[in-house]
Structures are given as structure tokens and as C-alpha cells.
Amino acid sequence: MSSRLRTNLVGQSTTNPADPIYWYEKAVSRMRGRDISDPKSWGWWAAVHQYYFESPFWHATYDDDKPWVTGLENGIRPGDLEFLGKCPHGSFYFLAWHRQYLLAFENVIRSVLSELPGAPDNWALPYWDYTTSGTENMVIPESFLDQSTALYFPGRHHNNLDFYAGTVESVSDEPFFEFGGSQSGSGGSLEGTPHNVIHNGVGGAMGDTRTAGLDPIFYLHHANIDRLWAIWTELGGEVLIDDRVPYPGIEYAFKWFHSGGLKDVSLLLEDFSSTRDIVIRAPDSSVIETISYEYAPASGLSRFIQDVQDNRAPEASVAALTSGKDVKPMAVRKSSDINTLIVGNVNRPMTISDQPKAETLQVLEEKSFRNTLSLCQASNTATQIRGAKVKLEGVVTDGIPINYRVTLYEHDAGGQKTGNQWELGVVSFFGSTLLNGKTQLFDGAPMSTTVRVPKQHIVDICQHLLANGHLTVQLEPDGETTGCGVVTIQKISLEFHSVA
């Protein structure tokens, strides 16, 4: 059985043969320039994720205008197309698919390294820890900025990538239908932050699902997303949707790299809820390989886990809005356990690009909301506010989206700020770009995503919305805006979630 240890990129160097990043750079260098029909080429594995050969990133060059990918004029062998362009963003398949994708990619890197003298036979993909290793690492690592190495890819932005608080919020989501995605076709919180916001924060090829796999940093980013899933699992998370395993009997066609070549496999997705004893089978059920891997700890991990556990305490009891009483957190196993009340919404679509935009949230169902609070106070039940979220629906982008910082604030009759405002975090519309009338998401539908209201703000926001009847929601570009697309959002609403 193959055992692998994925290590933190922090402190590693492309000049030190003892570091995994040194050998990753060597492998990337050998894979560049090969024909896209070659399964040991860089282009092949980028296309497995997604592709759009008309993009200039697919025609990027390096030393003396050598192309990263060759053979684009010939396309890819027709029989291979069913295994390409399959990344299921905006779906509960997202985490499991990318876990198997990383393992297959890791296999091809190991195969390429076997051709190099002195290469380790137990190499594993490093992870880019922009979460737990401190704010100084919430930037693109130096090893990927050096244009003399194969890890440099043109077009990246140089934004601040501090999404620590949002990542804590995401890993705090306990049911899988919130954390990892639901069967209704929406992605989970981890996909939103830090996955999507890092993609758009880095920008360039990383800003589009159809080109992201071309950037060498992509795979280390996804190793960290996979690691955060592993941390969530270690904290007791189970891959269950409404008390059921979401993948029973579901197989997913894939090209698995093994023993120096590609093999067709049909993988049971339920096998990918753990990083231990993953069995890779051929379509005839014969075992090709069994893999176990783990992640080496990072500095700051204990603090991160403590922050997640603290955040899993109830945001506020419903009664706390009127009486100040508190309650213990309640376990949620099924989506039907959560009561959702639409507190307010924007009554017209919003279009935004490279300038801030604000719209008014009007309170809705005020009577129901007040009754919920009054009943809870009177009965002193265990009903609690599980959370509040700003939900953005029907999102499509003409071009490449960027990140936006979301703020709620009070305003007067003229729309001017009057004092109180609450920073919610950053939202990304990664995957919402339209092509031939469809987005890049799993079902091609417009995006639906959310921004969580930090627990310390929930009571204030609910009280001010009830008192004034309205609040303003503002989206402001976060980071570089060069070349950003035009985003259309059909509906914005503020949701209040409680558990009986």
C-alpha cells in the first residue's frame, strides 16, 4: 500500500533537493511543452479539470516563446474527451472529485520524477497553507514568483489573500450539506471560502475554471482545500446528507494514472470521504491501487482548530434578542431541521464590475420574524439562531469575475450611511462566467452563493433591520480589478436560520 505525507509549502525552497517543492518544479519543467495528447503533459491534466482552448492562457509561453502546451491545433483524441472538463463546481461532488483528481495528478508527478536521478520515491504534493500559518503566508509564495523557475505562470494578481475569518466560518459548518454542498446543486461553504476567493484573489489563469489547472499553484491550493476537509473530518464531520451517505452506488468515470500510464476507472465516490485506504478499482472491480495519505501539521493549526470550535458555539439564542438568555448548541443532522426565514431582500437585480455598488434590503415577513422571537422568549425553548447569511442568487458573469467585499450598513432616506455598519467578508463568483449560455458550474445554471454574517453581528443586524425596516448591502471590489467582467445578480436576500 502506498503511503504519502503532504507537507506545508511554508519554508520550502526550489533550490533544496530535500524539499518536495524542489522536485515539483523539476516535474513541471519536464511536463511543459509536451503535446496535450500525452498523459504526462501539463496540458492534459489542466484539461482534465476544464478547458477552453481559445483562452490566451492556453497559449502562454516561457523561455524564448516556448509554449506551455503543444498540440492544441490537433485537439485531444476523441475517445479521451469523456474524461476531460469534468470538474463539478457548485455541487456536493466538488470535494470528492477533486480529492481523486489530486491523487491521480500526484501519481503522474511521481511517474515523471521516476525518470530523474536522485528523486524521492515517496514524493507527495505539498499544500499551500494560506490559512493556519499566519498572515505573512496569505500571499502568493516566493517560489511561485521567480520567473526563472517552472512554477511561474503569467497574469497573476498580487492581492492580499487574508481569508482566515471566512475559512474559520466555513470549517465551522457541521452538516455536510452546508460544508461540502447539497444535492440540490449548490456548493458548500468550503467551496465559497477559501476555495473560490483564493482562485479570484490569485487571478490570471486561476480566475477561470477553464484555465485554472494551467497554473502550477492550482494543485497546491487544492491540496490545502483537501486538507481543510480532512481537518473537518477529524473534528467529527461526516459525509452525510439528511442522515444518508450522498454517494451510495454512484460511480464517476475517470482516467487514473498508474504504473506509468492511464487506466480507465469507475470510482465509487463514497470511497473518497477518507484519506485512508482509498481503493482504486478498474471497471471490472479489480483493484489497481490502494492509497493512504495524511497532512503534516502546520504552525498555527491548534489555534485554527480552537477558533473553529469556538465558532461552533451557538451564534446567539433567539431569546437573546429580547431577554439576553443563552442556550446550548444543538446537533443538526438533516436540512429539514433548519428553519429558514427570509428577513429582507433587494427588489431588483444588481449589476457590478470594477466599482462599488449598493442596494437596499427591505424587511420582509416582519410579523413572522417578530412572532418567532416572541414565542421563543415566552416558551423559553431551545430554539436558537443557527446563523444568518446574505444569499446571492441567479449570478452570471460576462467575463472573468473578481472578489467583492460585502458590507451591511444603516442609511437615511437619502441613502447615506448613518453610523452602524457590519463587515461580513468576501464573496467570489468563480465559475459564474457564461459561455454559450451556460456557466462553468456542475449543471451550467446560474450561481447561488452566500456570505455568512459573523456571529458577533447577528443580533445587532436583526435588531436594526426590525427597527428601521431596511439596511443597505454593498459590494466593493477586493483587490485588482484589471480585466474584470460584469456580474449580474438577480436576487440578494438576508436569511435568518433557526433550529427548533
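Excluded from the calculations below are hydrogen atoms, water molecules and symmetry mates; all remaining heavy atoms, backbone and side chain alike, are included.
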List, one per line, each side-chain donor-acceptor pair under 3.5 Å for residues 144-152, sequence neighbours excluded.
residue	atom	partner	partner atom	Å
D146	OD1	S148	N	2.9
D146	OD1	S148	OG	2.7
D146	OD2	S148	OG	3.2
T149	OG1	D146	O	3.1
T149	OG1	L151	N	3.2

Per-pair distances, 0.1 Å, donor-acceptor, side chain in residues 473-482, under 3.5 Å, sequence neighbours excluded:
residue	atom	partner	partner atom	Å
D478	OD1	R405	NE	3.3
D478	OD1	R405	NH2	3.0
E480	OE2	H158	N	3.0

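Contact check for F179 versus W232: side-chain heavy atoms found under the 4.5 Å cut-off. Between S448 and K391, some side-chain heavy-atom pair lies under the 4.5 Å cut-off. Side chains of V197 and L161 form no contact here, defined as non-hydrogen atoms less than 4.5 Å apart. Annotation: side chain of Y127 is not in contact with side chain of H221 (no heavy-atom distance under 4.5 Å). In this structure, R30 and L116 have side chains that are in contact, with non-hydrogen atoms separated by less than 4.5 Å. For the pair L494/I461, a side-chain contact is recorded, criterion being any heavy-atom separation below 4.5 Å from C-beta on. A 4.5 Å side-chain heavy-atom check between V395 and T488 finds every atom pair outside the cut-off. Looking at V390 and T450, their side chains never come closer than 4.5 Å, going by heavy atoms from C-beta outward.
Taking the ring axis of W42 as reference, the NZ or CZ atom of R34 does not stay both within 45° of it and closer than 6.0 Å to the ring centre. F257 does not carry K255 over the face of its six-membered ring by the limits of under 6.0 Å from the centre and within 45° of the normal.
Q12 places a side-chain N or O within 3.5 Å of a backbone atom of I21 that can act as its donor or acceptor partner. Without hydrogens or angle criteria, T397 side chain to I400 main chain gives no donor-acceptor distance under 3.5 Å. Proximity of a side-chain donor or acceptor of Y93 to a complementary backbone N or O of H98 within less than 3.5 Å is not detected. At distances below 3.5 Å, not a single donor-acceptor pair connects side-chain atoms of T14 with backbone N or O atoms of Y22. The backbone N or O of P194 sits nowhere less than 3.5 Å from a side-chain atom of Y130 that would complete a donor-acceptor pair.
In this view, P67 and T70 satisfy the side-chain contact (heavy atoms from CB on, under 4.5 Å) rule, not counting sequence neighbours. With sequence neighbours left out, D307 forms a salt bridge (charged side-chain N to carboxylate O under 4.0 Å, His left out) with R303. For R32, the salt bridge (charged side-chain N to carboxylate O under 4.0 Å, His left out) criterion is met by no residue, not counting sequence neighbours. Residues passing the salt bridge (charged side-chain N to carboxylate O under 4.0 Å, His left out) test with R227, sequence neighbours excluded: D129. Residues forming a salt bridge (charged side-chain N to carboxylate O under 4.0 Å, His left out) with E191 (at least two apart in sequence, or on another chain): none. Residues satisfying the side chain to side chain donor-acceptor pair (under 3.5 Å) criterion with N107, sequence neighbours excluded, are R4, E289. For the side chain to side chain donor-acceptor pair (under 3.5 Å) test, residues two or more places apart in sequence or in another chain that qualify with E495 are H497. With sequence neighbours left out, the side chain to side chain donor-acceptor pair (under 3.5 Å) criterion links N468 to E410. Under the side chain to side chain donor-acceptor pair (under 3.5 Å) criterion, H222 pairs with H195, sequence neighbours left out.
Side-chain contact annotation: E294 with T275, donor-acceptor N/O pair under 3.5 Å absent. In this model, no donor atom of one side chain and acceptor atom of the other lie less than 3.5 Å apart for H89 and H199. Side-chain contact annotation: D310 with Q306, donor-acceptor N/O pair under 3.5 Å present. Between T407 and E423, the side chains place a donor N or O and an acceptor N or O closer than 3.5 Å (distance only, hydrogens not considered). In the model, Y24 has no side-chain atom that pairs as donor or acceptor with a side-chain atom of D19 under 3.5 Å. Side-chain contact check for N200 and S428: at least one donor-acceptor pair (N or O, by modelled atom type) lies under 3.5 Å.
Centroid-to-centroid, the aromatic rings of H59 and W68 stay 6.0 Å apart or farther. The distance between the ring centers of F94 and F92 does not fall below 6.0 angstrom.
Aromatic ring pairs are classed by plane angle as parallel below 30°, tilted from 30° to 60° and perpendicular above 60°; the pair F105 and Y101 is tilted. Between Y409 and H411, the two ring planes are perpendicular [angle over 60°; tilted spans 30° to 60°].
Across S13 and T15, no two heavy atoms sit closer than the pair OG-OG1, 2.8 Å. Across F153 and P216, no two heavy atoms sit closer than the pair CB-CD, 4.0 Å. Here the closest heavy-atom approach between residue P141 and residue I217 is recorded as CD-CD1, 3.7 Å.
Applying the side chain to side chain donor-acceptor pair (under 3.5 Å) test to residues at least two apart or on different chains, the pairs with a partner in residues 202-213 are D208-R210, D208-Q440, T209-Q440.
Surrounding NZ of K438 are at most 12 heavy atoms belonging to other residues, nucleotides or ligands under 6.0 Å away. Other residues, nucleotides and ligands contribute at most 12 non-hydrogen atoms within 6.0 Å of the CD atom of E142.
In summary, of the residues considered (N224, T7, D226, N8), a side-chain hydrogen bond (donor to acceptor under 3.5 Å, both in side chains) with Y295 occurs for D226 alone.
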